[in-house]
J.: 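Next up is a structure, given as structure tokens.
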There are 2 protein chains.
Amino acid sequence: MSLAQIRYFIAVAEEGHVGRAAHGLRVAQPAVSRQIKNLEDELGALLFVRTSRGMQLSSSGRVFLDHARGILQGVEHAALAVRASRSTS
Amino acid sequence: MSLAQIRYFIAVAEEGHVGRAAHGLRVAQPAVSRQIKNLEDELGALLFVRTSRGMQLSSSGRVFLDHARGILQGVEHAALAVRASRSTS
DNA sequence: TGAGGTTACGCCTATCGTAATAATG
DNA sequence: CATTATTACGATAGGCGTAACCTCA
């Protein structure tokens with residue numbers, strides 16, 4: 001699992017389309033498609049249901065989404081906290 | 001920032017030595033040394049004070065450590081939650 | 001057949017390990 | 001000089017983009 005995979009996952013979950021997510025992430029479609037697949041393989045669960053119109057979160061995907069957002073927020077907070085502490089050091 | 005960097009950082013913080021941390025991580029010393037440096041560069045702060053006997057957390061490092069642990073726990077919980085939800089899907 | 005997602009394939013960057021180089025007590 | 005960290009450098013793996021392919025309404 002990587003932070004990039006988590007970002008890609010959240011983007012697809014919010015957009016409902018790999019293509020649209022890729023555009024927002026400024027990355028090509030296959031990059032997102034592959035990383036979502038890698039993530040699913042590692043977790044041993046399908047995170048999305050593929051429909052002919054796009055991707056919809058599966059129940060496992062919904063479970064993962066909450067955690068995923070928390071992780072990214074944790075990363076942001078960590079960076080902010082360190083940058084803030086710099087002046088105090 | 002990557003999850004590997006966070007793992008390396010925590011290991012060094014706990015061991016107090018790059019070498020010992022590397023051994024525990026089953027990776028060579030320079031890999032850890034470099035990633036710690038990359039992390040420090042990205043965060044714009046020194047996370048450790050280098051002594052001739054090893055590495056000691058700086059005040060910025062102490063700030064980061066709490067966040068770092070939380071992030072990794074978040075990752076673990078996320079994976080566990082998805083694996084648990086698999087059977088429920 | 002059009003609107004999506006995925007697989008194939010070649011390139012390129014990032015990371016690694018070994019070996020060499022500091023630095024410090 | 002022993003101990004520990006860092007830098008150099010060549011090799012490799014993982015990620016990306018383009019292009020080709022698949023699937024479903």
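What you are looking at is a predicted structure, and each value in this text was computed from that prediction instead of being measured.
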J.: Does the B:E40 side chain pair with the main chain of B:L47, one donor and one acceptor, at a distance under 3.5 Å?
T.: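 Yes; at least one donor-acceptor contact below 3.5 Å.
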J.: Measure from CG on B:L46 to P on D:dT6 and round the result to the nearest Å.
T.: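 Answer to the nearest Å: 10 Å.
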J.: If I take atom CZ in residue A:R7 and atom P in nucleotide D:dC16, what distance separates them, rounded to the nearest angstrom?
T.: 12 Å
J.: Would you kindly give the CG-to-P distance between B:L25 and C:dT15, to the nearest whole Å?
T.: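 Distance, rounded to whole Å: 15 Å.
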J.: Within a strict 4.5 Å, meaning less than it, do heavy atoms of the B:L65 and B:F9 side chains meet?
T.: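 Yes, at least one pair of side-chain atoms sits under 4.5 Å.
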J.: The side chain of B:A31 lies closest to which of these nucleotides: D:dT18, D:dG15, C:dG17?
T.: C:dG17
J.: A:K37 has a side chain; which of D:dT6, C:dT7, C:dT6 sits nearest to it?
T.: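 Of D:dT6, C:dT7, C:dT6, C:dT7 is nearest to the side chain of A:K37.
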J.: Between D:dA25 atom P and A:R53 atom CZ, what is the distance in whole Å?
T.: 10 Å
J.: Atom CD of A:E42 and atom P of D:dG14: how far apart are they, to the nearest Å?
T.: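 Rounding to the nearest Å, CD of A:E42 and P of D:dG14 are 12 Å apart.
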J.: Should A:Q35 be listed as having a side-chain N or O under 4.0 Å from OP1 or OP2 of D:dC16?
T.: yes
J.: Nearest to the side chain of A:Y8, which nucleotide is it out of C:dG4, D:dT7, D:dC16?
T.: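 For the A:Y8 side chain, the nearest candidate turns out to be D:dC16.
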J.: Remember a base hit wins even if backbone is also touched, and classify B:Q29 as base, sugar-phosphate or nothing at under 4.0 Å, heavy atoms.
T.: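 It contacts base atoms.
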J.: What's the closest nucleotide to the A:R34 side chain, out of C:dT24, C:dG5, C:dA8?
T.: C:dA8
J.: Closest to the A:S33 side chain: C:dC16, C:dG4, C:dT7?
T.: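 That would be C:dT7.
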J.: Given that A:P30 and A:S52 both sit by DNA chain C, which one's nearest nucleotide is further toward the 5' end?
T.: A:S52
J.: Within a radius of less than 6.0 Å around CZ of A:R50, do more than 12 heavy atoms belonging to other residues, nucleotides or ligands occur?
T.: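 It does: A:R50 CZ has more than 12 such atoms within range.
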J.: Rounding to a whole Å, what distance do you find between B:R20:CZ and D:dT3:P?
T.: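 It works out to 13 Å between those atoms.
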J.: Check whether any side-chain heavy atom of A:F48 lies under 4.5 Å from a side-chain heavy atom of A:V18, and answer yes or no.
T.: no
J.: Taking only the side-chain heavy atoms of A:N38 (C-beta and beyond), determine which of C:dG4, C:dA8, D:dG15 contains the nearest atom.
T.: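 Selected nucleotide (nearest to the side chain): D:dG15.
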J.: Rounding to a whole Å, what distance do you find between A:M55:CE and D:dC24:P?
T.: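 These atoms are roughly 15 Å apart.
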J.: How about A:L39 and A:I6: do any of their side-chain heavy atoms sit closer than 4.5 Å?
T.: no
J.: To the nearest Å, how far apart are B:H17 NE2 and D:dT3 P?
T.: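 Whole-Å distance recorded here is 12 Å.
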J.: Would you indicate, yes or no, if D:dT6 has its OP1 or OP2 atom less than 4.0 angstrom from a side-chain nitrogen or oxygen of B:R50?
T.: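 Looking at the OP1 and OP2 atoms of D:dT6, one of them is under 4.0 Å from a side-chain N or O of B:R50.
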